[in-house]
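The block underneath contains the structure these notes are about, expressed in structure tokens.
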Number of protein chains: 2
Amino acid sequence: MIRRHQQIAEELRVAIAEGTYPVGSELPSESELALAHGVSRGTLRQAFGTLQSEGLIGSRQGARRTVLSTTPSQSFTELRSFAQWARAGGRTPGGLVLRSRRAKATEAQAAQLHLAPGDTVLHVLRVRTLDGEPALLERTVYAGWAAAAVERLPDDCESVTQSLYDEARVLMSHGEHHLDAIAAGTTDARELAVRRGSPLLRVRRTTTTPDGRPVETSDDRYKPGSVVFTVRNSVQANPLVRTTPD
Amino acid sequence: MIRRHQQIAEELRVAIAEGTYPVGSELPSESELALAHGVSRGTLRQAFGTLQSEGLIGSRQGARRTVLSTTPSQSFTELRSFAQWARAGGRTPGGLVLRSRRAKATEAQAAQLHLAPGDTVLHVLRVRTLDGEPALLERTVYAGWAAAAVERLPDDCESVTQSLYDEARVLMSHGEHHLDAIAAGTTDARELAVRRGSPLLRVRRTTTTPDGRPVETSDDRYKPGSVVFTVRNSVQANPLVRTTPD
DNA sequence: GAGTGGTCTAGACCACGGC
DNA sequence: CCGTGGTCTAGACCACTCT
């Protein structure tokens, strides 16, 4: 199905990227563009809303919208899995499971995954690579109901998110991420080829299905220089993307 | 002016926080709520859109919306300054300028701030505190046109963002943040009271006015344990908030 | 098949910016 | 003051979920 507002958003995205509307310049008014595209003002506002949430444009009541950034953007609003994100940036994602075992959920884990204490969970230690270089180490805990599907995946599975959807129709659509810095432990140092005690970016995240059921909770440690997290925010909206360093 | 959709969003936020709609439960349909609040479906969808961008609820075509989180949320979509954010969390923000000097912009700085190479910029080294404890060290470069206003601020100015607006009508409304981890240097270690080489969360950011003019670019280094960055994201939208550690 | 959210229309009025 | 974006309405059709 054709979504007019997505189509228009993409056209504007391209125009901004190509320099038709440079940073700081004003965009045509809603009415002008609505007329030009043969749609109602509502549909056009939907397209503008997308670009706004992507941080490409800003708006103030009474004045025309202005261009804030021309970054090519790809698919901003998407929650990208590591593999999807890597490929979008032209890099080759890889992964390898180092350890995988079932255990009983601790009280904290049960609370985070909405399980009963003592329920089964699956611990997975996985290293992720970019173009063959180790980039991050994941310590993931999957809820028991998803464990079987995860265990069926090959050890070098490239995209867990994708595979879990393809194989078991488990869609991970929402996430909460906590970012801070931490010193590399012994395991971190060995698997990421850094010195013990060197700085790592830690992301603790919980991912849920569209109806809010937690699938996994994870402690991911990123090697500096391999990945940079980028956040664009404004008074109106705040998307997050992962990027490679400049 | 009364914004119906904001009012309704707030009512729903409260209902979710109070447990009327627990995590994982379904919300009433758009038509039901529109009727109940005496508004059109469009207005109601606007309210739902706000909650969605706050990560509180999720939606799938064909099924009712579900509650993803009950976190009280405060003002998610706002881009909060350090001081505003700290106060919202019930903590006392502080700040102290350690060094301030004018210089000529390097080529990189000129590009980032949209200045001509050789234009004047203002370098400021500032330590920020939470409840009196050093939490981060800021190395900020202000564009020349904003320098005079910044220099007029007291050394212990609590909120630079607020003061710049009050004093010079400079509104910092958009920002781009790059997050990674870095080892503490000599200055970092001294001012943040950590060991040299210990991990810090680095945020490199550029802030602009609503029309896209860059005001400042900064290298901020956060002491671990003082601040955690939290990102909620979904297929639909991605807000960012800073939080204190759990 | 009934109900739901996603899209779209063609109007209207208001608050704000800038001339 | 006019043009702009922000809000709101009352309809309509479609894609999808669930039973």
Side-chain angles (χ1 to χ4, degrees), chain A residues 1-10 12 21 24-53 56-68 77 165 169-171 173-174 209-213 234-237, chain B residues 1-10 12 21 24-53 56-68 77 169 171 173-174 209-213 234-237:
Chain A
M1 190 55 199
I2 316 154
R3 260 77 140 215
R4 276 316 255 124
H5 72 95
Q6 286 185 0
Q7 220 172 70
I8 295 170
E10 182 54 26
L12 288 171
Y21 306 113
S25 70
E26 286 185 345
L27 289 162
S29 75
E30 293 180 357
S31 344
E32 278 177 60
L33 284 174
L35 191 64
H37 286 87
V39 298
S40 76
R41 209 184 132 209
T43 302
L44 200 109
R45 280 178 64 79
Q46 220 176 332
F48 267 155
T50 306
L51 300 196
Q52 240 162 282
S53 79
L56 289 179
I57 63 176
S59 72
R60 305 130 66 205
Q61 194 171 53
R64 291 193 171 194
R65 287 181 167 77
T66 55
V67 178
L68 296 173
T77 51
Y165 181 70
R169 285 290 173 273
V170 174
L171 178 57
S173 72
H174 297 82
T209 59
D211 56 351
R213 197 153 57 133
S234 73
V235 179
Q236 295 128 5
Chain B
M1 191 54 199
I2 316 154
R3 260 76 146 212
R4 264 334 243 117
H5 73 95
Q6 285 185 0
Q7 219 171 72
I8 295 170
E10 182 54 26
L12 289 170
Y21 306 114
S25 69
E26 287 184 345
L27 290 162
S29 74
E30 293 179 357
S31 344
E32 278 177 60
L33 283 174
L35 191 64
H37 287 87
V39 298
S40 78
R41 209 183 132 211
T43 302
L44 200 109
R45 280 179 63 79
Q46 220 176 332
F48 268 155
T50 305
L51 300 195
Q52 243 163 276
S53 78
L56 289 178
I57 64 175
S59 73
R60 304 133 63 206
Q61 194 172 55
R64 291 194 172 194
R65 287 181 167 75
T66 54
V67 177
L68 297 173
T77 52
R169 284 290 173 274
L171 178 58
S173 73
H174 296 84
T209 59
D211 55 352
R213 196 153 57 134
S234 74
V235 180
Q236 294 128 4

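In this text, all values refer to a predicted model and were calculated from it rather than measured experimentally. Every chain is numbered from 1 and lettered A, B, ... according to where its sequence line falls, protein lines coming before strand lines.
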In whole angstrom, what separates [X]'s [atom1] from [N]'s [atom2]?
X       : N      : atom1 : atom2 : value
A/Leu27 : D/dT4  : CG    : C1'   : 13 Å
A/Leu33 : C/dT9  : CG    : P     : 14 Å
A/Gln46 : D/dT7  : CD    : P     : 15 Å
B/His37 : D/dA10 : NE2   : P     : 16 Å
A/Gln61 : D/dG6  : CD    : C1'   : 5 Å
A/Leu44 : D/dT7  : CG    : P     : 16 Å
B/Glu30 : D/dA10 : CD    : C1'   : 15 Å
B/Glu26 : C/dT4  : CD    : C1'   : 10 Å

Can you tell me which nucleotide in [options] comes closest to the side chain of [X]?
X       : options              : value
B/Ser59 : C/dT4, C/dG6, C/dT9  : C/dG6
B/Thr43 : D/dC8, D/dT4, D/dT17 : D/dC8
B/Ser40 : D/dA10, D/dG6, C/dG5 : D/dA10
B/Arg45 : D/dG6, C/dT7, D/dC8  : C/dT7

- [ ] Using only side-chain N and O atoms of A/Arg64, determine if any of them is under 4.0 Å from OP1 or OP2 of D/dT4.
- [x]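 Indeed, a polar side-chain atom of A/Arg64 lies that close.
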
TODO: Kindly indicate whether the side chain of B/Arg41 and the base of C/dG6 share any N or O donor-acceptor pair separated by less than 3.5 Å?
DONE: yes

TODO: Assign each of A/Gly38 and A/Ala63 to its nearest nucleotide of DNA chain C by heavy atoms, then name whichever residue's nucleotide is nearer the 5' end.
DONE: A/Gly38

Open item on the list: Testing the 3.5 Å rule here: is there a donor-acceptor pair between the side chains of B/Gln6 and B/Thr50?
Closed with: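 Not at all, the side chains of B/Gln6 and B/Thr50 share no donor-acceptor pair under 3.5 Å.
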
Task: Under 3.5 Å side-chain donor-acceptor pair for B/Arg4 and B/Gln46 - done: no

Open item on the list: Measuring from atom OG1 of B/Thr66 to atom CG of B/Leu68, what distance do you get when rounded to the nearest 0.5 angstrom?
Closed with: 5.0 Å

Open item on the list: Evaluate B/Glu10 against B/Arg3 for salt bridge (charged side-chain N to carboxylate O under 4.0 Å, His left out), listing each step before the verdict.
Closed with: CA-CA 11 Å; B/Glu10 182 54 26; B/Arg3 260 76 146 212; over 6 Å; no

TODO: Look at all strands and tell whether A/Arg65 reaches a base, only sugar-phosphate, or nothing, counting heavy atoms closer than 4.0 Å.
DONE: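 Sugar-phosphate only.
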
Task: Sequence-distant partners of A/Arg45, salt bridge (Lys or Arg N to Asp or Glu O under 4.0 Å), two or more places apart - done: A/Glu30

